[in-house]
2 protein chains.
Amino acid sequence: MDLQTFLPYRLAVLSEQVSQCIALVYRERFGLSRDEWRVLAALAGRGTVRTAEVIEATTLEKMQVSRAVSNLQERGCVERLPDPQDGRGWLIRVTPAGRSLFQKIAPMVRAREAFLLEALSPQEREVLNAAIDRLAEQARLLGRQG
Amino acid sequence: MDLQTFLPYRLAVLSEQVSQCIALVYRERFGLSRDEWRVLAALAGRGTVRTAEVIEATTLEKMQVSRAVSNLQERGCVERLPDPQDGRGWLIRVTPAGRSLFQKIAPMVRAREAFLLEALSPQEREVLNAAIDRLAEQARLLGRQG
DNA sequence: TATTGTTATACTCTATAACTATA
DNA sequence: TATAGTTATAGAGTATAACAATA
């Protein structure tokens, strides 16, 4: 068995390389953790959302979201409003400051994504995207049964 | 910007899902860490190798390799021999016990990989593999300049 | 009783660098 | 003076579960 051709290893190495490239922007230049960046990105395009939606959109655990939101709130990037429909929950939304921060970061990370994708033809990008979805679905099936 | 279509995010989520599926085998059933698993897999197909080769084959840092090798050695899976060509280094090789352990794990993780790949046609697999190599190369270029 | 979100805690990983032995 | 590998240590991230408030 050759590690170099083993898909899970190849994906892990690639994903780490790519994540590093992106994290360089949001971490070094803007002092966000990965979780904070994800939450900010998930909120930026939306209005006011429940925590559950943030969890779903970021694939983070509830306590990771809780901490990321707290940190973003301290930093003035998001705000929490009581949820009138459920006294236990919150409605979360990005503030103007948060939106402004996101709008600084987004073009930079998008440019990096675009540079990565330059290596692929449009057809290859389509196959890649479809492959990611199908592999994720298979992994989900595999994970279910343990 | 939509996180769901952002390649770095998609790769991170997929890679984590896939890694979990594989880690379930080597961690839960055989008590290996990710690094130990990688080192064992890198050594299993080879003879006696220098530490530098293990570092290269696993994309781990030298101190991660050092610890993983120590742990595997305590467990009787690898042994270290002094390098006659360089008194500072070691030659590392898998023991019969280590090989036997690897031969228990390998078919199980390969079966999982095969299940994942069932979702893709041979052509799609080729495109995926080429895409991984090209994206990794682009990420390397991006990482270099910071 | 179950669920939402927070907090506590212990554990694992990671990153940096100091250190030794040798080159 | 540089390199191979080890060790130390501090910081970050992760996982579990306990917990308060509400449903």
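Naming convention: chains lettered A, B, ... in sequence-line order (proteins, then strands); numbering from 1 in each chain.
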Practice prompt. Could you tell me whether B:D83 contacts a base, only the sugar-phosphate backbone, or nothing, with contacts defined as non-hydrogen atoms closer than 4.0 Å?
Written response: nothing
Discussion item. Categorize A:R50 for me: base, sugar-phosphate, or nothing, with a 4.0 angstrom heavy-atom threshold over every strand shown.
Written reply: nothing
Practice prompt. Report the C-alpha separation of A:I22 and A:R112 in whole Å, then their side-chain angles, then the decisive distance to 0.1 Å, and conclude whether the side chain to side chain contact (heavy atoms under 4.5 Å, CB included) test is met.
Written response: CA-CA 7 Å; A:I22 302 301; A:R112 289 183 167 234; 3.9 Å; yes
Discussion item. The side chain of A:S66 is closest to which nucleotide in this list: C:dT14, C:dT6, C:dT4?
Written reply: C:dT6
Worksheet item: Going from CG on B:L81 to CZ on B:R93, what distance comes out if it is rounded to the nearest 0.5 angstrom?
Response: 4.5 Å
Discussion item. By the 4.0 Å heavy-atom rule, please label A:R80 as base, sugar-phosphate, or nothing.
Written reply: sugar-phosphate
Discussion item. Using 0.5 Å steps for rounding, measure from the CD atom of B:E113 to the SG atom of B:C21.
Written reply: 12.0 Å
Worksheet item: Would you say A:E137 has more than 12 foreign heavy atoms packed within less than 6.0 Å of its CD?
Response: yes
Fill in: Reported CG-to-CD1 distance for the pair B:L11 and A:I132, which is rounded to 0.5 angstrom
4.5 Å
Response to the item:
Rounded to whole Å, the NZ-C1' distance (B:K62 to C:dT16) equals 11 Å
Item to complete: State whether a side-chain donor-acceptor pair under 3.5 Å links A:Y26 with A:S33.
Response: no
Worksheet item: Taking for each residue the nucleotide of DNA chain D bearing the nearest heavy atom, is the 5' side occupied by B:R67 or by A:M63?
Response: B:R67
Item to complete: Extract, from 5' to 3' on DNA chain D, the first and final nucleotides lying under 4.0 angstrom from some heavy atom of chain A.
Response: D:dT14 to D:dA23
Fill in: 5′-ward residue of the pair B:Q85/A:V69 relative to DNA chain C
A:V69
Worksheet item: Which whole-number value in Å describes the distance from A:I55 CD1 to C:dT4 C1'?
Response: 9 Å
Worksheet item: Is the distance from OP1 or OP2 of C:dT4 to the nearest side-chain N or O of A:T51 less than 4.0 Å?
Response: no
Worksheet item: Between C:dA8 atom C1' and A:Q64 atom CD, what is the distance in whole Å?
Response: 16 Å
Worksheet item: If you group Ile, Leu, Val, Met, Phe, Trp and Tyr by side-chain heavy-atom gaps below 4.5 Å, do A:F30 and B:F6 land in one group?
Response: yes
Fill in: Distance, rounded to the nearest Å, where A:Q20 contributes CD and C:dC13 contributes C1'
14 Å
Worksheet item: If you check every side-chain atom of A:R88, which of C:dT14, C:dT6, C:dA2 has the closest atom?
Response: C:dA2
